[in-house]
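What follows is one structure encoded as structure tokens, with my remarks underneath.
Every number for a ligand or one of its atoms is a count from 1 in the order of the listing. We count residues from 1, following the sequence as given.
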Amino acid sequence: MLRRQKGAILVLSGPSGAGKSTIINAASEEIGEYYFSISTTTRAPRVGEENAKDYFFVSKESFEEDIKAGNFLEYAEVHGNYYGTSLKPVREALGAGKLVIFDIDVQGHRLVRAKMNDITTSAFITPPTLAELEKRLRTRCTDSEDVIVQRLENATKEIEAVGEYDFTIINDSVDEAAQEFVIVAKAARLKQSKEAEAQFIAQWLR
Ligand code: ADP
Ligand code: 5GP
């Protein structure tokens, strides 16, 4: 039987407050088995966030040790804190043939593309306007005024990278955005790695 590739990556980026978590949650029943990459960060947990579920919350020293040890697939400084993706669980999930979903910033997307382009699909998620983003950050009530100002400023830079992504999902209605996300996740699974492509051709010709 012809077999498809083992594992694929779906990178989601977009301003903080764009609705990435909301959309993943709304679509999770419909996208089949996946592994959500839990990032490590030096930022403080928000109210309601849990260690090892939302993030691995660590000190700056511990994060810098992991950098030295080469434990990150990618990492970046965002809003004055470190955020990074540990390599080991991602390798394991890919080896098990899973779709691995990353919620990372535009710098992280570039690094993942540089390392694993052939199995990567990406989507940029954004509210319809900057004004709507501001409204949502304020309604979420999880960030101080300073942090909100910093996130909005960062968003005006991040939006410039929208063209680097395979897909754009405008999160106006959650239901519609979740349906678009389901389509993107299904497409991501169909992406063949170079290795799988060579195997496929060899088997096909047999
Ligand atoms: P992110 O994970 O991208 O930082 P969240 O999923 O936490 O964003 O969403 C930010 C806030 O906006 C949350 O309070 C969420 O309930 C709200 N939100 C998400 N999508 C929508 C939408 N389509 N319309 C209105 N509010 C939304
Ligand atoms: P937040 O503080 O709102 O959870 O996340 C802030 C930003 O950091 C978001 O743009 C989010 O996508 C990004 N981010 C979260 N985890 C990672 C990661 O592991 N690597 C990178 N490069 N960015 C991340």
Side-chain angles (χ1 to χ4, degrees), residues 9-28 35-58 63 66-67 71-90 100-116 120 122-144 146-162 164-165 169-181:
I9 289 175
L10 175 54
V11 173
L12 301 179
S13 302
S16 187
K20 300 181 290 296
S21 317
T22 306
I23 289 170
I24 296 171
N25 286 337
S28 67
Y35 169 76
F36 180 76
S37 167
I38 302 169
S39 297
T40 300
T41 184
T42 59
R43 91 148 156 75
R46 290 190 193 117
V47 176
E49 280 185 333
E50 284 175 42
N51 188 46
K53 181 170 166 272
D54 299 289
Y55 281 104
F56 294 104
F57 295 99
V58 301
F63 198 102
D66 275 347
I67 296 175
N71 290 342
F72 290 118
L73 165 65
E74 64 75 34
Y75 70 92
E77 214 177 322
V78 189
H79 315 131
N81 289 301
Y82 282 128
Y83 292 82
T85 307
S86 296
L87 193 52
K88 196 165 161 248
V90 171
V100 181
I101 301 181
F102 295 89
D103 171 349
I104 58 177
D105 83 322
V106 301
Q107 307 169 74
H109 172 240
R110 287 180 195 132
L111 293 166
V112 171
R113 283 261 172 225
K115 289 188 180 162
M116 293 174 158
T120 299
S122 62
F124 192 91
I125 299 183
T126 176
T129 60
L130 182 64
E132 178 63 24
L133 175 65
E134 179 169 1
K135 207 166 112 194
R136 288 189 197 168
L137 282 174
R138 292 193 188 286
T139 313
R140 189 166 70 178
C141 293
T142 52
D143 304 300
S144 66
D146 284 0
V147 170
I148 290 178
V149 168
Q150 197 179 21
R151 282 168 193 267
L152 289 172
E153 201 183 301
N154 201 46
T156 61
K157 293 184 202 122
E158 284 210 305
I159 196 72
E160 297 289 334
V162 65
E164 296 173 26
Y165 289 74
I169 298 177
I170 313 265
N171 177 20
D172 195 351
S173 123
V174 173
D175 283 353
E176 279 174 30
Q179 281 317 306
E180 289 178 3
F181 177 67

Q) Applying a 4.0 Å heavy-atom criterion (strictly less than), which segment of E49 is in contact with ligand 2: side chain, backbone, both, or neither? A)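 Neither part.
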
(Q) Please classify the E74 to ligand 2 contact at 4.0 Å (heavy-atom distances, strictly less than): side chain, backbone, both or neither. (A)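 Side chain only.
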
Q: Might you list the protein residues in contact with ligand 1, defined as having a heavy atom under 4.0 Å from one of its atoms, sorted by chain and number?
A: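 Close residues (ligand 1, cut-off 4.0 Å): P15, S16, G17, A18, G19, K20, S21, T22, R136, R140, N171, D172, V174.
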
Q.
How long is the straight-line distance from OG1 of T42 back to OH of Y83, given to the nearest 0.5 Å?
A.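 Taking OH in Y83 and OG1 in T42, the distance rounds to 7.5 Å.
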
Q. Cut-off 3.5 Å, side chains only: do S122 and H109 have a donor facing an acceptor?
A.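 Result is yes, a qualifying pair exists.
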
Q: Would you check if the side chain of R113 reaches a backbone N or O of T120 as a donor-acceptor pair within less than 3.5 Å?
A: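 Checking the backbone N and O of T120 against the side chain of R113, a donor-acceptor pair under 3.5 Å is found.
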
Q: Provide the closest heavy-atom pair for L133 versus A18 in the form atom of the first, atom of the second, distance.
A: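 Heavy-atom minimum between the residues: CD1-N, 3.9 Å.
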
**Q.** Stepwise side-chain hydrogen bond (donor to acceptor under 3.5 Å, both in side chains) test for R43 and T41
**A.** CA-CA 5 Å; R43 91 148 156 75; T41 184; 5.2 Å; no

Q) When the ring planes of Y75 and F63 are compared, do they come out parallel, tilted or perpendicular, using 30° and 60° as the limits? A)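 Rings of Y75 and F63: perpendicular, over 60°.
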
For ligand 2 and [X], I'd like to know whether there is a polar contact (N/O to N/O, distance under 3.5 Å).
| X | value |
| --- | --- |
| T40 | no |
| G84 | yes |
| Y75 | no |
| R140 | no |
| R46 | yes |
| Y55 | yes |

Q: Please identify which atoms of ligand 2 are closer than 4.0 Å to at least one heavy atom of R43.
A: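 With R43 as reference, the close atoms of ligand 2 come out as 1 (P), 2 (O), 4 (O).
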
Nearest protein heavy atom to [atom], by residue and atom, and its distance?
| atom | value |
| --- | --- |
| atom 12 (O) of ligand 2 | D103 OD1, 2.7 Å |
| atom 7 (C) of ligand 2 | V78 CG1, 3.8 Å |
| atom 6 (C) of ligand 2 | Y83 OH, 3.6 Å |

